[in-house]
Amino acid sequence: VQLQAFGGGLVQPGGSLSLFCAVWGFTFSHYNMGWFRQAPGSEREFVAAINLSGSSTYYSDPAKGRFPISRDNAKNTVYLDLNYLKPEDTAVYYCAAGESVLEVTTTPAYWGQGTLVTVSS
């Protein structure tokens, strides 16, 4: 099983980035997908999750209204659009997979390699 996040980079405050996570080695449509992030010196925290079909989404308070999550089951890919970015959004962003929504929002079964997002002027 492999998950790999892409799309990080340096962006100015107020800017946007689009992250995506490619998956290999399991049936993507059978897993709920999520994103977490870890800022320097902080613990990893939940950002957003999406259910198997994409019909339901879940967000942390900082992500609500700014970071929509989506998935394309035909492409085995989950996306996270980062909008209206703030310096405090600087972190390594990780994608994750779980068999239930509860699992993927708390203790995912699978983790991907992260991608660094830096918000700075």
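Note that the coordinates shown come from a computational prediction; the quantities given were computed from them, not determined experimentally.
V92 is not connected to V117 by any chain of hydrophobic side-chain contacts under 4.5 Å among Ile, Leu, Val, Met, Phe, Trp and Tyr, and they are in different clusters. Note on L19: it clusters hydrophobically with V119, by side-chain heavy-atom contacts below 4.5 Å among ILVMFWY residues. Cluster membership check: F46 does not share its hydrophobic cluster with Y31, using side-chain heavy-atom separations under 4.5 Å among Ile, Leu, Val, Met, Phe, Trp and Tyr. Under the 4.5 Å side-chain heavy-atom criterion for Ile, Leu, Val, Met, Phe, Trp and Tyr, L85 and L80 are members of the same hydrophobic cluster. Linking ILVMFWY side-chain heavy atoms closer than 4.5 Å, directly or via other members, places V104 and F67 in two distinct hydrophobic clusters.
With hydrogens and angles ignored, the 3.5 Å screen pairs no side-chain donor or acceptor of T27 with any backbone N or O of H30. N76 places no side-chain N or O within donor-acceptor distance of the main-chain N or O of F28, the cut-off being under 3.5 Å. Judged purely by atom type and a 3.5 angstrom limit, D72 has no side-chain atom pairing as donor or acceptor with the backbone of T77. Side chain of Y59 to backbone of I69: a donor-acceptor contact under 3.5 angstrom is found. No side-chain donor-acceptor contact under 3.5 Å links T90 to the backbone of T118.
Annotation for E88: atom CD counts as buried by contact number, over 12 foreign heavy atoms lying within 6.0 Å. More than 12 heavy atoms of other residues, nucleotides or ligands lie within 6.0 Å of CD in Q38, so this atom counts as buried by the packing criterion. F6 CZ: more than 12 foreign heavy atoms inside a 6.0 Å radius.
By the side-chain hydrogen bond (donor to acceptor under 3.5 Å, both in side chains) test, R71 is found to be paired with N73, residues two or more places apart in sequence or in another chain being considered. Shown here are the side-chain hydrogen bond (donor to acceptor under 3.5 Å, both in side chains) partners of R44, two or more places apart in sequence or in another chain: there are none.
Partner of W111 under the ring-ring contact (aromatic ring centres under 6.0 Å, His included) criterion, out of Y93, F36, W35: F36 alone.
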Check against side-chain contact (heavy atoms from CB on, under 4.5 Å), M33 and V23: CA-CA 10 Å; M33 299 299 297; V23 171; 4.0 Å; yes

side-chain contact (heavy atoms from CB on, under 4.5 Å) between L10 and S120, intermediate numbers included: CA-CA 7 Å; L10 174 64; S120 176; 4.2 Å; yes

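Classification of D61 and K64 as a salt-bridged pair holds, one side-chain N sitting under 4.0 Å from a carboxylate O. Under 4.0 Å is where a charged nitrogen must lie from a carboxylate oxygen, and between D81 and R66 no such pair does.
Of all heavy-atom pairs between G25 and V1, the closest is O-CG2, 3.9 Å. Nearest approach of I50 to S70, heavy atoms of both residues: CD1-CA, 3.6 Å. Considering every non-hydrogen atom in both S121 and P13, the closest pair reads N-CD, 3.7 Å. For the residue pair G7 and T115, the shortest heavy atom distance occurs at N-OG1, 3.9 Å.
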